[in-house]
Amino acid sequence: MGSTSAENNGAATTGAPGVGRRDLIKRSAALGLISVPTMSFLSACASGGGSDNGDKAKAGKKTAKNPLGVNETAGMEFVLFDGGFGKEYAQDAVKIYEQNFPKVKVKFSATQKIQSTLQPRFNQGTPPDLIDNSGAEQMDMGVLVGKSQLSDLTPLLDAASYDDPNKKVRDTLRPGIVEMGQFDGKPVWIMYYAYTVYGVWYSQKALDSLDAEYPKTWDEMLAVCEKAKKKGMAGWTYAGKYPYYVPFSLYPMIGKVGGREVLDAIDNLEPNAWKHPAVKACFDAYYELYKKGYILKGTPGLDHIQSQTAWAKGKALFIPNGSWVENESANVIPSDFNLAVSAPTGIDSSDKLPFGTIWASGGEPFIVPAKAKNPEGGMEQLRIMLSEASSKNFTSKVKSLTAYNGGTTGITLTPGLKSGVAALDLAKDNVLNPRLQDWYVQLQKEQIGVAGLGEMMAGRATPAETIKKIQGFADAAAKDSSIKHYKHQ
């Protein structure tokens, strides 16, 4: 998530998918196997081994313009995930840092291989000062927090905001952002910079061509997919190689049908959480898409870019994704596509929550390592990025909202971004935020995603078999003493 959330180029890159984020993408090397680092590999990455940083930069003097006390001569290193949001927004923010501290040169780099690039440096005790921990090789946040590898960002949150010295940074953020960065107690370990709207993405033009409205019940969804099929268009496609994209619409559907307490129980790894009737109803619904032939042929073999390209070319009507998709697919989405996003379709009027219930949360997770040489510098770079100007710059360039609560005034919103804002307005308080992709990366991606949902959506396992398998994965994670466990407070 994201990050995550995402994937290489993009995903949300934001994380996600190359993201997710910008959770978020892990590559599938073969059936049931992905090149995503396993939990043990990630644990090694965050093992806490290596020497201490003996040359930490001395803190500078705190002033009105330098509330974090940044050393004005110490270098700062910033490693960005090179995904769907690109590098320019971060490079622009780096220029501001260097203007504010003219004696400093920021070492900036971008990579899609966060895990393999930074694992050795964490082990050696020489990590960068600021990291955008996203993409296919995203480091496991739960492991990093559990192994005390991250700095608490509370000093940043309590510092004066970049634009208004009378307002703290935390007071300028969208609801839920601070809480997302917490895992256990009050410390805040992660600053999610992008604000991602997850859901079902489609072309309003294509939907209009079917003389259809976005379906609110599953019977209506099947009817729309049948209309599309008769016109030679598949109802759905998804990132078949990274089927943990499917939850971007499936999880909020489960929450809509059964209530947010069902998702909380799943996040908490509670016994039999996956056996709730709402889970079965939603799994059965998605499996019906496969059974009725409404999924684009060959989808299980497509990665996120290939599935998004097929969708953008009109081969499929719907795709589960995050708001990074507008920027990530900008080169293939036709100018008259009229990109739109909707909250997930429900089952029927018996659903616990109303239509419009959606998953929206922070994406693109930024962290300051505990052993960073210049942690104040890393936090200051984030403080700059959370200014109104930097937020507007990000939104203008990558078509996504940021954690800054505002930053859209005076900006002409793109179709997808405008639709995302409308979806949030419709949802009101019915915004869900499943935490599995933050708390248990391997469970969410490799097990629930690839081994579970990937097999079901490809027709190789029934919903009942999939639920049993996923519950087993969750139970094993709950009993694994090597994993730090988290619960909704």
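Lys256 places no side-chain N or O within donor-acceptor distance of the main-chain N or O of Asp351, the cut-off being under 3.5 Å. In terms of modelled atom types and a separation under 3.5 Å, the side chain of Thr345 and the main chain of Pro215 share a donor-acceptor contact.
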Worksheet item: Going through the distances and angles, do Phe248 and Trp324 end up as a ring-ring contact (aromatic ring centres under 6.0 Å, His included)?
Response: CA-CA 12 Å; Phe248 294 155; Trp324 62 81; 5.5 Å; yes

Item to complete: Go through the steps to decide whether Tyr89 and Leu80 satisfy the test side chain to side chain contact (heavy atoms under 4.5 Å, CB included), and finish with yes or no.
Response: CA-CA 11 Å; Tyr89 78 93; Leu80 185 83; 3.4 Å; yes

Worksheet item: Where do Trp311 and Phe337 land on the ring-ring contact (aromatic ring centres under 6.0 Å, His included) test, with the steps shown first?
Response: CA-CA 11 Å; Trp311 160 76; Phe337 194 75; 5.2 Å; yes

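Residues Tyr198 and Tyr251 keep their aromatic ring centres 6.0 Å or farther apart.
A 4.5 Å side-chain heavy-atom check between Val279 and Ile266 finds at least one atom pair inside the cut-off.
Side-chain contact check for Glu220 and Tyr214: no donor-acceptor pair (N or O, by modelled atom type) lies under 3.5 Å. Inspection of the Tyr286 and Ser249 side chains reveals an N or O donor paired with an N or O acceptor under 3.5 Å. Side chains of Asp132 and Ser134: no donor on one and acceptor on the other come within 3.5 Å. Side chain to side chain, Asp438 and Tyr192 meet the donor-acceptor criterion of an N or O pair below 3.5 Å.
Of the inter-residue distances, the one linking Ile319 atom CD1 with Ser329 atom OG reads 7.5 Å to the nearest 0.5 angstrom. If you take NZ on Lys487 and CH2 on Trp439, they are separated by 8.5 Å, rounding to the nearest 0.5 Å.
Partners of Gln182 according to the side chain to side chain donor-acceptor pair (under 3.5 Å) rule, which considers only residues two or more places apart in sequence or in another chain, do not exist here. Remark: Asp211 pairs with no residue by the side chain to side chain donor-acceptor pair (under 3.5 Å) rule, at least two apart or across chains.
Residue Leu339 comes nearest to Ser419 through the heavy atom pair O-CB, 4.2 Å, listed as atom of the first residue, atom of the second, then distance.
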